[in-house]
Amino acid sequence: MIAEKYMEGNVRIPSGCAISGIINTDGKKINGEDIIKSIEVMHDRSNGLGGGFAAYGIYPKYKDYYAFHLFFDDNISKKECEKYLERNYDIVEVSVMKTRKTVSITNVPLIYKYFILPKKSVLERLQLDEREFVVRSVMKINSEFKGCFVFSSGKNMGAFKAVGYPEDVGRFYRLEEYEGYSWTAHGRYPTNTPGWWGGAHPFTLLDYSIVHNGEISSYDANRRFIEMFGYTCTLLTDTEVITYMIDYLLRKKNLTMEEMTQVIAAPFWDTIEHMDEEDKKRYTYLRTVFNSMLITGPFSILLGFEGGLMALNDRLKLRSMVVGKKNDTVYIASEESAIRVVEKELDDIYAPKGGEGVIIKVKEGVL
Amino acid sequence: MAINFLYPKFEVIRNQDRCISCRVCERQCANEVHYYNEESKVMLSDESKCVCCHRCVSLCPTKALKIVKTDHTFRPHSSWNSEVIEDIYRQAETGGVLLSSMGNPKEYPVYFDKMLINASQVTNPSIDPLREPMETRVSLGKKNIDIERDENGKIVDNLPPQIKLEVPIMFSAMSYGSISYNAHESLARAAKELGIVYNTGEGGLHEDFYQYGKHTIVQVASGRFGVHKEYLNAGCAVEIKMGQGAKPGIGGHLPGEKVGEDISKTRMIPKGSDAISPAPHHDIYSIEDLRQLVFSLKEATNYTKPVIVKISAVHNVAAIASGIARSGADIIAIDGFRGGTGAAPTRIRDNVGIPIELALASVDERLRAEGIRNNVSLVVGGSIRSSADIVKAIALGADAVYIATSALMALGCHLCRNCQSGLCNWGIATQREDLVRRLNPNLGYKRVVNLINAWTHEIKEMMGGMGINSIESLKGNRLMLRGVGLNEKELEILGIKHAGE
């Protein structure tokens, strides 16, 4: 077993990665097998030390409840955490996560799924809105409850992750038994052996899930800034800090998805100078106000959210990412091969420019 | 006459084989060290007057001169060293407070020299600033605003006033009076060309320099010299000077002999009168009073200029900064104990205040812990010596730096630390017309521009090495720093890891 001091959260671990995403804009359900096939092609972009998936629209029965996925080290930590949940939430269902024994997936923690809703009385006492309270609960559990980790906390969506190659992780979680309108996947190539399941991607908060390939050079500037607003970075990963930044900009600052991409992958000042007056004003304003939210260094990210998927590269496009379309399905992946393996005949395929946010939303009213 | 206990500190070594007795050294030395002996037809020197400013050395056409430190000695003693002994003699002779200028020369730790910068290898690429854009532009001012939208959902521009800088470097306050007209002109023109700003100091703004207003910070100090409505509105920002790193806790004094016609007009005081800035602002005895001055200045400038509050780095600087960040100020400037001055009591310069690196780290951390770092921008000064110091300061958490000594060095200052005499042979810290003329602003400003451009190139190279292409992503990015030879406590205060970690 690796020494505690080299564990995720105690050191910063740069990673290389593979990412893939599939979304149907008509809201039609896609079986989990497709995304496994897609990420499997990019096997060599991961090294077996982390893989994961996020799926949207998979819990229609409990779509109004927050689906918490948790890892526990043991039953003692589970009890502690459940006490906290019972005090603050109405719990409608608790179940063990369904998995299948897989040779290459070892050191399996206890994995549980809770469908819950914050108690009205608690929200009233704390004068918080529901989503803010859920965020704070996740922060609290992940930073204060030893041996507990919330790895999914959105409504009608879920994250599934583990230490291993992503295709093995997918089969371990029996993803072929899930149907979702949007999927993302991640294969990780960390530069040490974290051996901890929480460190795998996607990283999630509420219905936001992030898979990311890159190593951002602005990490500590971003982390120290975002931690001012009640977020606690416990994993020291890019994905974690990017998720919090996106949550802050979208949920707390009420920026649109597009404006958010213009903040974190802002165009160069030179480019802004040459824009028409209105754009110039807006971009200058956003860059100035949110100057500590700019992300530099290589990244390609897929942000899953309720009803959509967003893809973004760093402004120099230091990581590969392509977008393919076929009818009402959109594919995004680190490599074209990962798209072709699922859909040979595409209507369109292109590489988005650095800093150009690709925002795909499911048509209004179909979900 | 009493016995002179003091032996000259420097020796003027003149190579008589090279000396052609052109007497340029004699004409150039305002301290009157050199003289020509008609009888023996040789140049001689009175070394007791030498301040080691190298004016004669630089202008000697045959390189016949050099200045060396005397090896004359007292019986060596590690605590009663020659400096201590001489200071005692000096004070016994005069009964006065010792005066010095420029920054603290004592051997305190320089934390900048104990921090190392990171670079990318393998896992992410370094960026070549010659091939890719590398951004050094920053905006100083308040950023903690709520997003407002108009009826069409468009974002309303409610950004508070900012100072825009093409590089995060500003020339710190040096008053017209403490430095010459030509020195001010050089700095103002350099600031304009570089897209940065200079600072009037507490001496008002000469009417000739109103044209550089966009690149000028106008200062309001405890003496309120030269402060009026047009002055406040002339610059891009107003700075309230609460303290100066070289002399925390005390005011300033421009002797009457330096207050000539022009300075008298600019400062709005009678010609020949001493300009004395009190130690405190007598309308600010506490933080709530500061708030009132901040808002008085905002009213006077119709909320179009950011207000800077400049303090010196003292022991509880973090708490003070936290108070200022809630006072309505837009920018906090902190001046470290190694910062320069035109004149300060020696004991204060050498013993009061704390290093800027530690002050910066603790202020930045405190403001973040309190969630108010975004209320203000943070500017630090006081011994920023190179582009590497700037990169380190920004990585520790500064938005920009103030430099002064190095800018004066670009103009020719040789750090002889005798500004208080008013006899600056380089035409910088003097008001004597013949000396001021020696500094040609046309050449001077270009040298300052060169220095900042050179530093900007170096900053870009270091940023590129770290894989950072906007300096905003370096701000507070402490993972990019590692300490060497620092103890646990120092690392904790600086908020950085040790090299190898």
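In what follows, every heavy atom counts, from backbone to side chain, and hydrogens, waters and symmetry copies are set aside.
Open room surrounds NZ on Lys214(B); 12 or fewer heavy atoms of other groups in view lie less than 6.0 Å from it. With a 6.0 Å radius and a threshold of 12 heavy atoms from other residues, nucleotides or ligands, Glu132(A) has its CD atom above the threshold. Other residues, nucleotides and ligands place more than 12 heavy atoms under 6.0 Å from the CG atom of Asn487(B).
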Full working for side-chain contact (heavy atoms from CB on, under 4.5 Å) between Asn124(B) and Ser217(A): CA-CA 8 Å; Asn124(B) 69 351; Ser217(A) 53; 4.2 Å; yes
Audit row: Leu286(A), Ile155(B), side-chain contact (heavy atoms from CB on, under 4.5 Å) steps and yes/no: CA-CA 9 Å; Leu286(A) 289 173; Ile155(B) 293 177; 3.9 Å; yes
CA sep, side-chain torsions, deciding dist, call: Val289(A), Ile145(B), side-chain contact (heavy atoms from CB on, under 4.5 Å): CA-CA 8 Å; Val289(A) 173; Ile145(B) 43 174; 3.6 Å; yes
Derivation of the side-chain contact (heavy atoms from CB on, under 4.5 Å) call for Asn469(B) and Arg315(A): CA-CA 10 Å; Asn469(B) 56 12; Arg315(A) 51 201 199 142; 3.0 Å; yes
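Within the 4.5 angstrom heavy-atom criterion, atoms from both the backbone and the side chain of Asn374(B) approach chain A. Using a 4.5 Å cut-off between heavy atoms, Phe290(A) contacts chain B through its side chain alone, with no backbone atom that close. With a threshold of 4.5 angstrom between heavy atoms, Leu316(A) approaches chain B through side-chain atoms but not through N, CA, C or O. The parts of Asn158(B) that come within reach of chain A are both its backbone and its side chain, each placing non-hydrogen atoms under 4.5 angstrom from that chain. For Glu227(A), no part sits under 4.5 Å from any heavy atom of chain B, backbone or side chain. Neither the backbone nor the side chain of Lys142(B) comes within less than 4.5 Å of any heavy atom of chain A. When heavy atoms are compared at a cutoff of 4.5 Å, Glu370(B) does not approach chain A at all. With a 4.5 angstrom heavy-atom cutoff, Phe268(A) touches chain B via backbone and side-chain atoms both. Ser139(B) touches chain A through its side chain: at least one heavy atom from C-beta onward sits under 4.5 Å away, while N, CA, C and O do not. The contact between Leu318(A) and chain B is made entirely by side chain atoms (from C-beta outward), counting heavy-atom distances below 4.5 Å. Residue contact with chain A, scored on non-hydrogen atoms closer than 4.5 Å, involves the side chain of Ile127(B) exclusively. For a residue to count as touching a neighbouring chain, one of its non-hydrogen atoms must lie under 4.5 Å from one of that chain's; by this rule Lys281(A) touches chain B with the side chain only.
Heavy-atom pairs under 4.5 Å with chain B peak, among Leu255(A), Ile216(A), Thr284(A), at Leu255(A). When each of Gly153(B), Gly397(B), Gly467(B), Ala369(B) is checked for heavy-atom pairs under 4.5 Å with chain A, Gly467(B) comes out on top. Options Glu501(B), Lys143(B), Glu472(B), Arg368(B) differ in how many heavy-atom pairs under 4.5 Å they form with chain A, and the most are formed by Arg368(B). Highest contact tally toward chain A, considering only Lys475(B), Arg478(B), Lys497(B), is held by Arg478(B) [criterion: heavy-atom pairs under 4.5 Å]. Of the listed residues (Met480(B), Lys154(B), Gln162(B)), the one with the most heavy-atom contacts under 4.5 Å to chain A is Lys154(B). When each of Ser473(B), Ser126(B), Ser470(B) is scored by its heavy-atom pairs under 4.5 Å with chain A, the top score falls to Ser473(B). Top candidate by heavy-atom pairs under 4.5 Å with chain B, chosen from Met228(A), Arg223(A), Arg224(A), is Arg224(A).
The distance from atom CZ of Arg287(A) to atom CZ of Arg137(B), rounded to the nearest 0.5 Å, is 8.0 Å. Between the OG atom in Ser218(A) and the CE atom in Met466(B) there is a gap of 12.0 Å [rounded to 0.5 Å]. Here the straight-line distance linking atom CD of Glu259(A) with atom CD1 of Ile147(B) works out to 7.5 Å at 0.5 Å rounding. Taking CZ of Arg282(A) as the start and CG of Asp157(B) as the end, the distance is 12.5 Å to the nearest 0.5 Å. One distance of note links OG1 of Thr288(A) with CG of Leu140(B); it measures 11.0 Å at 0.5 Å rounding.
With 3.5 Å as the limit, one finds no donor-acceptor pair spanning the side chains of Asn254(A) and Arg149(B).
Considering only heavy atoms from C-beta on, Met463(B) stays 4.5 Å or farther from Thr296(A) through its side chain.
Considering all non-hydrogen atoms of both residues, Leu479(B) and Tyr219(A) come closest at CD1-CD2, 3.6 Å.
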